[in-house]
2 protein chains.
Amino acid sequence: MERKAAASASTIKHRMISDVLSGEIQGGKFKVGDLLPSEPDLSERFGVSRHTVRAALRSLHGLGLVTSRRGVGTSVKGNRLAARYSHEFGSADDLFQYATSTRVRLLEHDEVVVTASMAALLHCKAGERWWRIRTVRQEPSNNAVVAYSEIHLPLAYGSVIRQAKKSRQPFFSLIETLFHEKITDIQQEISCVARLPAAEAAHLQLPKASPGLQITRRYVGSGGHTLEFARSVHPAELFKYAMRLQLRHGA
Amino acid sequence: MERKAAASASTIKHRMISDVLSGEIQGGKFKVGDLLPSEPDLSERFGVSRHTVRAALRSLHGLGLVTSRRGVGTSVKGNRLAARYSHEFGSADDLFQYATSTRVRLLEHDEVVVTASMAALLHCKAGERWWRIRTVRQEPSNNAVVAYSEIHLPLAYGSVIRQAKKSRQPFFSLIETLFHEKITDIQQEISCVARLPAAEAAHLQLPKASPGLQITRRYVGSGGHTLEFARSVHPAELFKYAMRLQLRHGA
DNA sequence: TTCTATTTGTTCGTATGTATG
DNA sequence: ACATACATACGAACAAATAGA
């Protein structure tokens, strides 16, 4: 009831004009780099005030189609609608949406020699020695296990493991502060594992060969090297990864 | 225009005003949900024309801090500007990481009365009538099914279904162009379904009760209403959702 | 229910400032 | 110096949506 079906027949002038111009840009009448007619010229063409033309151009600017330079004119920047959606975090901690409500427990940590397949994930050479840490996350109320994680750290950062036991901060956060590193990039993959390995299913208190949600994250420092690699598995149904992607204006 | 530090020491009136208001919002003088003073009131307060106030508010709107409703006023939408990590897309299409390589096939579409549980997902009232569309996505090379989707659209947008068959564009993209809507928010949830319903498993050419990766997305327009709701299921192991979160500079 | 006051949205006109070529 | 083009800013009026009397 609140939405009218009259779609492209807008009576609003500046929108009509931006529609026409947007169509002409996407249709190729104005190519990328071309200068659009000047604002007074467009005013005359469409029979509207310059103010209205500017409102239309502002909309095109918001769509990323044109860019204006004073003293020069308005030129075509792109011919495809470029919206930008972003998924933003206050900090990397926000990745762990359950972090506040759950408790982490360190199971074990040992030095391992990385295999070829693991090396591909860590972006390092096979045969290198890394720390491997195993943890579970539990709901404090009923002790239900919500995550089993396997974390790999470069040998140099081993001291954060002790710290983590005391401070309860995530590894990457400790690495940032203790080693003056800066996480500039997080590469994350989410997938569904049809049959969890027996050991992991056991940690999650699930029957053998249960399915699970798997999330892998590689934390990359400013130098491009891996600061931490984490793989977590979660019981199916119990865990949900929610995110919100918002349109960013003024790209 | 943006030489550099012109932010707070700008002589441009509308910019100065947006700086002040932005500061007051972030400082807590106006809380989220609060209504800002009306445009005429702000004109008087700052001693400028309403036109200039509107330019300032437009800038705040672009920053995602406020939202305006005709007949009501301008209210505060958020109070934070700088997030550190962001996951960006060129467009909402990029959510479908496989979209370019796969082909979508429309199975059926019908009008349905939304149940109470569905209404919660759609953010509408139970009993409303919506369109429901079922599709599958196939790999062109071997015809393997990579996704089964169930899409809900408000009745008013039914015309895009015909269009989708011809133009092969996603529904939300057609709604944007045909109805002058703008997707400002996408709420996405990723989870693992332990046992897919029989019908869905069949569509995915999987054995009964197979696990699957489920992704739900709610596309929200600028008015806050749902433009499209989509639920997709993918075969386990076959599908991976990858993303990259990058540190934003200047934060 | 109808009416009215309020508030934002659209559009016009006009004038001046500032960067470019 | 000059004309051109966009940027900023003022004033005015009406339309459309909303909320409350």
Side-chain angles (χ1 to χ4, degrees), chain A residues 1-6 9-21 30 33-62 65-77 249-250, chain B residues 1-4 6-21 30 33-62 65-77 156 179-182 184 221-225:
Chain A
M1 173 129 70
E2 61 265 36
R3 284 179 281 272
K4 41 182 181 262
S10 177
T11 63
I12 299 166
K13 290 187 184 179
H14 70 79
R15 200 147 91 175
M16 221 187 55
I17 293 168
S18 71
D19 280 350
V20 170
L21 292 176
F30 299 111
D34 281 1
L35 230 50
L36 291 184
S38 74
E39 292 175 0
D41 287 355
L42 290 173
S43 300
E44 197 184 358
R45 169 180 168 190
F46 291 105
V48 299
S49 74
R50 188 172 153 232
H51 192 87
T52 305
V53 166
R54 281 181 65 75
L57 290 178
R58 190 161 49 232
S59 145
L60 295 182
H61 193 272
L65 288 178
V66 303
T67 174
S68 298
R69 276 188 307 161
R70 95 166 48 168
V72 179
T74 301
S75 56
V76 178
K77 192 165 68 171
H249 294 80
Chain B
M1 170 167 63
E2 51 258 49
R3 267 303 165 249
K4 46 175 78 164
S8 43
S10 177
T11 64
I12 298 166
K13 291 187 183 178
H14 70 80
R15 184 136 181 182
M16 223 184 54
I17 293 168
S18 70
D19 281 349
V20 171
L21 291 176
F30 300 111
D34 282 1
L35 228 53
L36 292 183
S38 73
E39 293 175 359
D41 287 354
L42 290 172
S43 299
E44 197 185 357
R45 169 180 169 192
F46 292 106
V48 299
S49 73
R50 187 176 156 225
H51 190 89
T52 304
V53 167
R54 283 181 63 76
L57 290 178
R58 190 160 51 231
S59 147
L60 294 182
H61 193 273
L65 289 177
V66 303
T67 174
S68 299
R69 273 192 310 159
R70 174 191 296 201
V72 180
T74 300
S75 56
V76 178
K77 192 166 69 171
F179 293 92
H180 282 100
E181 285 286 357
K182 192 81 194 156
T184 58
S222 50
H225 50 273

Where the side chain of [X] is concerned, which of [options] is the nearest nucleotide?
X	options	result
B:T52	D:dC6, D:dC10, C:dG9	D:dC10
B:P40	C:dT8, C:dC12, D:dT8	C:dT8
A:S49	C:dC12, C:dT18, D:dA9	C:dC12

What's the [atom1]-[atom2] distance between [X] and [N], to the nearest Å?
X	N	atom1	atom2	result
B:E44	D:dC10	CD	P	14 Å
B:R70	C:dT8	CZ	P	12 Å
B:D41	C:dT6	CG	P	11 Å
B:E39	D:dG11	CD	C1'	15 Å
A:L42	D:dT4	CG	P	17 Å
A:L35	D:dC6	CG	P	8 Å
B:L36	C:dT8	CG	C1'	13 Å
A:F46	C:dT10	CZ	P	17 Å

Spacing of B:H14 atom NE2 and B:S49 atom OG [to the nearest 0.5 Å]: 11.0 Å
Reported OG-to-CZ distance for the pair A:S43 and A:R54, which is rounded to 0.5 angstrom: 10.5 Å
Base paired to D:dA1 (Watson-Crick or G-U; both N/O distances under 3.5 angstrom):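 When the pairing criteria are applied, nothing turns out to pair with D:dA1, so the answer is none.
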Contacts of type side-chain hydrogen bond (donor to acceptor under 3.5 Å, both in side chains), residue B:S59, not counting sequence neighbours: none
Sugar-phosphate, base or nothing in reach of A:R69, heavy atoms under 4.0 Å: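 Sugar-phosphate contact only - A:R69 comes under 4.0 Å of backbone atoms but never of a base.
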Sugar-phosphate, base or nothing in reach of B:R50, heavy atoms under 4.0 Å: base
Does a side-chain N or O of [X] approach OP1 or OP2 of [N] to a distance below 4.0 Å, or not?
X	N	value
B:K13	D:dA7	no
B:S68	C:dT7	no
B:H14	D:dT8	yes
A:S38	D:dT4	no

A:H51 or A:V72, whichever maps to the more 5' nucleotide of DNA chain D: A:V72
B:V66 to B:L57 - nearest heavy-atom pair and separation: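 The answer is CG2-O, 4.1 Å.
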CZ/A:R69: more than 12 non-hydrogen atoms of other groups inside 6.0 Å: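 For A:R69, atom CZ is not crowded (no more than 12 foreign heavy atoms under 6.0 Å).
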